[in-house]
Amino acid sequence: MVSSIKYVNHVITYDDVDEIVKYVDFEIFAKGPDQNHEGFQRASKWCLDHGRKVVIIPRTEGISSKILRNIKNAGKE
């Protein structure tokens with residue numbers, strides 16, 4: 001879904017966010033307000049230490065990934 005947004009250049013899946021930021025070329029590290037566990041804290045610090053911008057994208061009221069997954073999977077059952 002994210003890759004279909006015209007403003008998104010690339011979507012990368014990862015296991016460890018604090019490691020992947022070291023190997024991918026990017027300018028802006030965007031995260032949600034609830035993405036604050038230690039891995040995201042280390043990733044955010046690395047970004048700031050290396051001239052990358054960290055942006056927190058607020059939640060959209062009434063929308064969740066669970067709702068989107070349910071819509072996507074509707075009719076597949």
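We count residues from 1, following the sequence as given.
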* H50 atom NE2, neighbour heavy-atom count above 12 within 6.0 Å -> yes
* D18/K45 salt bridge by N-O under 4.0 Å criterion -> no
* Has D34 got more than 12 heavy atoms of other residues, nucleotides or ligands less than 6.0 Å from its CG? -> yes
* Hey, quick one: are V17 and V24 part of the same hydrophobic cluster, counting side-chain heavy atoms closer than 4.5 Å, chains of contacts allowed? -> yes
* Asked: Got a donor-acceptor contact below 3.5 angstrom from the R52 side chain to the F26 backbone?
  -> yes
* Parallel under 30°, tilted from 30 to 60°, perpendicular over 60°: which one fits the rings of H37 and F40? -> perpendicular
* Do the side chains of K22 and W46 get nearer than 4.5 Å, heavy atoms only? -> yes
* **Contact check, side chains of V21 and Y14, non-hydrogen atoms, under 4.5 Å** => no
* Asked: Just by distance, do the side chain of Q35 and the backbone of G32 share a donor-acceptor pair under 3.5 Å?
  -> yes
* To do: Grab the two heavy atoms, one from V54 and one from C47, that are nearest each other, plus how far apart they are.
  => CG2-CB, 3.7 Å
* Distance, nearest 0.5 Å, that separates OG of S3 from CD1 of I12 -> 12.0 Å
* Do I57 and K31 come within less than 4.5 Å of each other through their side chains, counting heavy atoms only? -> no
